[in-house]
Chemist: 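Below: one structure in structure tokens.
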Amino acid sequence: MNAPKVHIHVLPHLERAEKGVVMRFAPNPSGPLHLGHARAAVLNDAYVERYGGSYILRIEDTDPKRVDPDAYRMVQEDIEWMGLRITDVFYQSDRFDQYYRIGRELIGIGGAYVCTCENEQFRILKQAKTPCPCRGHTIEENLELWQKMLDGGFYEGEASVRVRTTLDHPDPAMRDFPAFRILNEPMHPRIEAQVYPLMNFTVAVDDHLMGVTHVIRGKDHIANTRRQKFIYEYFGWNEPVYRHYGRMGIEGVVLSTSQMREGIRSGTYSGWDDIRLGTLRALARRGIKPEAVRQAVLDIGIGETDISFSWDNLFAKNRDIIDPVADRFFFVPDPLLFSIAGATPREAHALLHPGNEKRGYRTLKFENEVFLPGQEFQKEVQMIRLKDLFNVHVDWSSGTPHLTYGGDALSDARALKAPVVQWLPVGDATRCTLHTPDGDIQGLCEGTVRSMEDKVVQFERVGFARIDTISDEGVTAYFCHK
RNA sequence: GCUGCUAUAGUGUAGUCCGGCCAAUCAUGCGAGCCUCUCACGCUCGCGACUGGGGUUCGAAUCCCCAUAGCAGCACCA
């Protein structure tokens, strides 16, 4: 009926983007994607959409400890769910030859050296702005040591390749950062190697080789950007345009993959799609639409301020999307069974969607007994209106509520300000468990809901919910929001 | 400790580059009312912010300085 209101928050213009862009989303396959990833993924996607160009998915799996074999699949699924317009896909684990080749080049031009110092010792020297003994190696010595690394001549921790930066750089984070390390038993699901490239090196190399023009990522990478620029300078490559947005927290949610994993292991969470988590699959399970996530993330934008992501803002976007299309049903929480004296059997016809008669009706057959929400009888109400059916007098004289037919006229109920209440005929009542982040609600719903698997519906007076599974036991639904 | 970034209502955001049109935008939230056979949707009205202090200027949310607060980095993680 109403056109959905769409408020587009216009993202700031990117420099040097007029002729198109090459951007990338580069997750680490350590688990499924969450809202933090969605921000990076959607922002980059939106700029590619705006300026035209290509959108690279680069799986950054160069640290075996941070690779979960299942995550390759989950990341792929999550990206499809978001509807990203990915044009190219790369796995860093396929590209070790490139990293070795360019690593050797960097050593060859004096931009890096092989360091055999103990890690702790190097750290102390670095803090004191003092070169470690290895920094004085000639290029020939370094190339020899590099070959020895590749040939398995060092054990884990015995040698690394460092990028030569400015040792007296005022920021200790910049001084001679590592580019390769040795791992003896890496247990990587996709490759066998002992010399592993590190993130700052692979990112700089890949961004250049893949022609990335613009990088948008969190400000936790600001220092990495400065490090990567050293590599760009050594080779004389053209730098991309960088933008770093602020840190994003989410009300009452852990976004750390390792913490989520621990929670699942310990039984705190039922799995990656536990609706208390901020993973995309958890959002999907409770009926949040990808377009709502996209809108919410675009609304936040690329500001450098740290922000707190609000569920209310996401829910509002989602409500705009689902309210026009979600069919309405009765769900009776904490049901109490009543028989209604003096009422004749009849059928009620309730709209599947208010204000849109074309969507049709559902039929509820009243005979004599109905289930009503227990909470309606907390106070001694005199009359209630069974929605789309009739009025009911409530007699409290015996101490417990006794219901008698109170006429059909809606105006009577209005005059007495009687609550309009959802109800279910005994014959149609279907067991329904509604899972909410705050706990489960046991109740009953209309039988028709059995045909709504995977759909988002609105339980009138309760809220929107996604129908998850149907079984002989009944219906399992996940609460979305009001 | 060192290095850097940021600071607009409960939340998010516009305005800040190029000072005046800002008695500060929009959304969300909250409150009141209307509509309605849902506590949804829609409509109306209302609530609510330029971190603090100096300075420059006829004029500062906007420029400068200091303070404070938050965040990030200083890993053979990404």
Side-chain angles (χ1 to χ4, degrees), chain A residues 1-2 5 7-10 26-30 60-67 92 115 117-119 122-123 126-127 156-162 169-175 177-183 195-200 202-203 217-227 244 246-249 251 257-258 295-296 298-301 303-317 319-320 322-324 326 328-331 348 350-351 353-356 385-391 410-411 413-414 418-422 458-464 481-482:
Chain A
M1 47 184 209
N2 298 314
K5 51 177 180 185
H7 300 276
I8 305 288
H9 170 204
V10 180
N28 171 245
S30 57
E60 305 211 328
D61 55 350
T62 56
D63 180 8
K65 283 196 298 296
R66 294 177 58 129
V67 171
Q92 288 194 320
C115 176
C117 295
E118 274 193 28
N119 195 22
F122 180 85
R123 199 182 63 80
K126 178 174 77 172
Q127 289 297 340
E156 192 163 324
E158 286 184 345
S160 61
V161 174
R162 293 184 184 282
H169 197 288
D171 185 350
M174 287 305 112
R175 301 170 195 159
F177 63 89
F180 290 91
R181 61 171 166 168
I182 290 172
L183 296 177
V195 176
Y196 271 73
L198 274 330
M199 177 264 187
N200 280 297
T202 61
V203 167
R217 55 183 176 182
K219 75 174 182 185
D220 45 322
H221 286 293
I222 287 177
N224 291 324
T225 296
R226 289 204 286 268
R227 286 195 270 237
H244 300 95
R247 180 193 160 91
M248 181 173 86
E251 299 171 324
T257 299
S258 56
Q295 289 302 328
L298 290 178
D299 207 37
I300 287 167
E304 292 171 66
T305 316
D306 301 326
I307 59 155
S308 170
F309 183 91
S310 164
W311 290 110
D312 280 338
N313 290 327
L314 174 62
F315 292 163
K317 304 281 185 199
R319 195 179 295 114
D320 285 344
I322 64 178
D323 183 74
R328 269 60 171 170
F329 295 100
F330 290 151
F331 170 83
L351 284 165
H353 194 285
N356 189 355
R385 167 80 180 182
L386 305 196
K387 189 169 183 293
D388 303 305
L389 189 64
F390 51 54
N391 306 328
L410 177 63
S411 51
R414 289 257 196 256
V420 179
V421 170
Q422 73 275 36
Q458 189 203 51
F459 287 138
E460 296 194 38
R461 304 177 77 225
V462 175
F464 294 95
H481 50 71
K482 285 286 253 188

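By convention in this document, chain letters (A, B, ...) are assigned in the order of the sequence lines, proteins followed by strands, and residues within each chain are numbered from 1.
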Chemist: Determine the Euclidean distance between corresponding P atoms of A40(B) and G31(B); express it in Å to zero decimal places.
Modeler: 11 Å
Chemist: For atom CD of Gln127(A), decide whether the heavy atoms of other residues, nucleotides or ligands shown that lie under 6.0 angstrom number more than 12.
Modeler: yes
Chemist: Can you tell me how far P in U62(B) sits from the matching atom in A23(B), rounded to whole Å?
Modeler: 13 Å
Chemist: For U51(B) and U36(B), measure between their P atoms and round to the nearest Å.
Modeler: 45 Å
Chemist: Can you check the Arg328(A) CZ to U36(B) C1' distance for me, whole Å?
Modeler: 12 Å
Chemist: Please classify the nucleic acid contact of Asp312(A) as base, sugar-phosphate, or nothing, using heavy-atom distances under 4.0 Å.
Modeler: sugar-phosphate
Chemist: What does the 5'-to-3' dot-bracket notation of RNA chain B look like when only Watson-Crick and G-U wobble pairs under 3.5 Å count, and pairs to other strands show as |?
Modeler: (((((((..(((.......[.....)))((((((.......))))))...(((((..]....))))))))))))....
Chemist: Please list, pair by pair, any protein nitrogen or oxygen found under 3.5 Å from a nitrogen or oxygen in nucleotides 72-78 of chain B.
Modeler:
| from | atom 1 | to | atom 2 | distance (Å) |
| --- | --- | --- | --- | --- |
| A72(B) | OP1 | Arg247(A) | NH1 | 2.7 |
| A72(B) | O2' | Lys219(A) | O | 3.3 |
| G73(B) | N2 | Asp171(A) | OD1 | 3.3 |
| C74(B) | O3' | Lys126(A) | NZ | 3.3 |
| C74(B) | O2' | Pro172(A) | O | 3.3 |
| C76(B) | OP2 | Asn119(A) | OD1 | 2.9 |
| C76(B) | N4 | Gly157(A) | O | 2.6 |
| C77(B) | OP1 | Arg181(A) | NH1 | 2.0 |
| C77(B) | OP2 | Arg181(A) | NE | 2.4 |
| C77(B) | OP2 | Arg181(A) | NH1 | 2.6 |
| C77(B) | OP2 | Arg181(A) | NH2 | 3.0 |
| C77(B) | O2' | Asp63(A) | OD2 | 2.6 |
| C77(B) | O2' | Arg66(A) | NE | 3.4 |
| C77(B) | O2 | Arg66(A) | NH1 | 2.2 |
| A78(B) | OP1 | Thr62(A) | OG1 | 2.7 |
| A78(B) | OP2 | Met199(A) | N | 2.7 |
| A78(B) | O3' | Glu60(A) | OE1 | 2.8 |
| A78(B) | N6 | Asn224(A) | OD1 | 3.3 |
| A78(B) | N6 | Asn224(A) | ND2 | 2.9 |

Chemist: For a quick check of understanding: with a heavy-atom distance under 4.0 Å over all strands, which category does Phe464(A) fall into, base, sugar-phosphate or nothing?
Modeler: sugar-phosphate
Chemist: Between C1' on C41(B) and CG on Asp320(A), what's the gap in Å once rounded to a whole number?
Modeler: 10 Å
Chemist: What is the distance, to the nearest angstrom, from the CH2 atom on Trp311(A) to the C1' atom on G10(B)?
Modeler: 18 Å
Chemist: RNA chain B: Phe390(A) or Ala316(A), which has the more 5' nearest nucleotide?
Modeler: Ala316(A)
Chemist: How far, in whole Å, is C30(B) from G70(B) if one measures between their P atoms?
Modeler: 29 Å
Chemist: Atom CD of Gln295(A) and atom P of A27(B): how far apart are they, to the nearest Å?
Modeler: 15 Å
Chemist: For Leu410(A) and C35(B), give me the distance from atom CG to atom P, rounded to whole Å.
Modeler: 13 Å
Chemist: Taking the P atom in each of G52(B) and A9(B), what is the distance between them to the nearest angstrom?
Modeler: 10 Å
Chemist: Closest heavy-atom contact between Phe330(A) and Lys387(A)?
Modeler: CZ-CB, 3.8 Å
Chemist: For the side chain of Glu251(A) and the base of U11(B), is some donor closer than 3.5 Å to an acceptor across the two?
Modeler: no
Chemist: Quick check for you: among C37(B), U6(B), C41(B), whose closest atom lies nearest to any side-chain atom of Arg319(A)?
Modeler: C41(B)
Chemist: Find the distance Glu304(A):CD to U8(B):P and express it as a whole number of Å.
Modeler: 13 Å
Chemist: Looking only at atom P, what distance separates G20(B) and C41(B), rounded to whole Å?
Modeler: 38 Å
Chemist: Without decimals, in angstroms, what is the distance between His353(A) NE2 and C41(B) P?
Modeler: 11 Å
Chemist: Which pair of heavy atoms, one from Pro178(A) and one from Leu198(A), lies closest together, and at what distance?
Modeler: O-CB, 4.0 Å
Chemist: Asn356(A) CG to U36(B) C1': how many Å, rounded?
Modeler: 15 Å
Chemist: Dump the intermediate steps for side chain to side chain donor-acceptor pair (under 3.5 Å) on Arg66(A) and Thr257(A), then the final yes or no.
Modeler: CA-CA 10 Å; Arg66(A) 294 177 58 129; Thr257(A) 299; over 6 Å; no
Chemist: Quantified in whole Å, what is the C1' atom distance between nucleotide C50(B) and nucleotide A14(B)?
Modeler: 13 Å
Chemist: Quick one: does any side-chain atom of Arg319(A) pair with a main-chain N or O of His481(A) as donor and acceptor, under 3.5 Å?
Modeler: no
Chemist: Which residue, Arg461(A) or Arg175(A), contacts RNA chain B at a nucleotide closer to its 5' end, judged by nearest heavy atom?
Modeler: Arg175(A)
Chemist: Which of these nucleotides, U38(B), C37(B), U3(B), is closest to any side-chain atom of Asp388(A)?
Modeler: C37(B)
Chemist: Strictly below 4.0 Å, N to O, side chains only: are Arg227(A) and Asp171(A) in salt-bridge contact?
Modeler: no
Chemist: For the C1' atoms, the ones on G12(B) and on U25(B), what distance do you get once it is rounded to whole angstrom?
Modeler: 13 Å
Chemist: Can you figure out which of A7(B), U38(B), G29(B) approaches the side chain of Pro354(A) most closely?
Modeler: U38(B)
